[in-house]
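The structure under discussion appears below in the form of structure tokens.
Given the structure is predicted, the values throughout are model-derived calculations rather than measurements. Hydrogens, waters and symmetry mates play no part in the numbers below; they use all other heavy atoms, side chains included.
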Amino acid sequence: MLLSSTELSEQLSRLNGWDVIEGELQKTYRLETFPEAIQFVHLVADLAETLNHHPNILIEYRNVTLTVSTHDEGGITEKDIMLAKGCEEFV
């Protein structure tokens, strides 16, 4: 079920650096080195597999941008928030 704008605002206030861009949650992580960026992506991939909810991942040297939404729901759901919260634990 899609989050209401109130629910989404509340959840975003608890997520450091995550924004809504074109109807999807997005954050760019800036890691210290390229190997650290790749290690972070591996952690995100493992979490995504566990949750069966997969983000779009863009790697640009030390920067990793995650973009997530629930496509079959047409927007942002609790699944997306769970994935974002899990990613925050890796940094």
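Separation of atoms CD (Q39) and OG1 (T33) is listed at 8.5 Å; rounding is to 0.5 Å. Rounded to the nearest 0.5 angstrom, H71 NE2 and H53 NE2 are separated by 7.5 Å. Atoms CG and OG1, from L83 and T50 in turn, are 10.5 Å apart once rounded to the nearest 0.5 Å. Between atom CG of residue L58 and atom CD of residue Q26 there is a gap of 8.5 Å, rounded to the nearest 0.5 Å.
Heavy atoms only, all atoms of each residue included: V44 and P55 are closest at CG1-CG, 3.9 Å. When all heavy atoms of F34 and R62 are compared, the closest pair comes out as N-CG, 3.8 Å. Across all non-hydrogen atoms, the minimal contact from C87 to W18 is CB-CZ2, 4.4 Å. Nearest heavy-atom pair, L25 versus A84, reported as atom, atom and distance to 0.1 Å: CD1-CB, 4.4 Å. For S4 against E7, the heavy-atom pair with the smallest separation is N-OE1, 2.7 Å. Nearest heavy-atom pair, E24 versus I76, reported as atom, atom and distance to 0.1 Å: C-CD1, 3.9 Å.
Clustering ILVMFWY residues whenever any of their side-chain heavy atoms sit less than 4.5 angstrom apart, transitively, puts V41 in the very cluster that holds L43. Placement of L66 and Y61 within a single hydrophobic cluster is found when ILVMFWY residues are connected by side-chain heavy-atom separations under 4.5 Å, directly or transitively. Cluster annotation: L51 is connected to V91 through the hydrophobic network of ILVMFWY side chains, with a link wherever side-chain heavy atoms come within less than 4.5 Å. Residues I59 and Y29 share a hydrophobic cluster, clusters being chains of Ile/Leu/Val/Met/Phe/Trp/Tyr side chains in contact below 4.5 Å.
Under 3.5 Å, the side chains of D80 and S69 contain no donor-acceptor pair of N or O atoms.
Just one of T77, T70, L8 meets the side chain to side chain contact (heavy atoms under 4.5 Å, CB included) condition when paired with L2; it is T77.
Every residue two or more places apart in sequence or in another chain was checked for a side-chain hydrogen bond (donor to acceptor under 3.5 Å, both in side chains) with K79, and none qualifies. A search for side-chain contact (heavy atoms from CB on, under 4.5 Å) contacts involving E78 returns L3, Q11, I81, M82, not counting sequence neighbours.
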side-chain contact (heavy atoms from CB on, under 4.5 Å) assessment of H54 paired with N52:
CA-CA 6 Å; H54 303 87; N52 193 30; 3.6 Å; yes
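Although no hydrogens or angles enter the test, the distance criterion places no donor-acceptor pair under 3.5 Å between the side chain of S9 and the main chain of T6.
Salt bridge annotation for E89-K85: absent, with no cationic side-chain nitrogen under 4.0 angstrom from a carboxylate oxygen.
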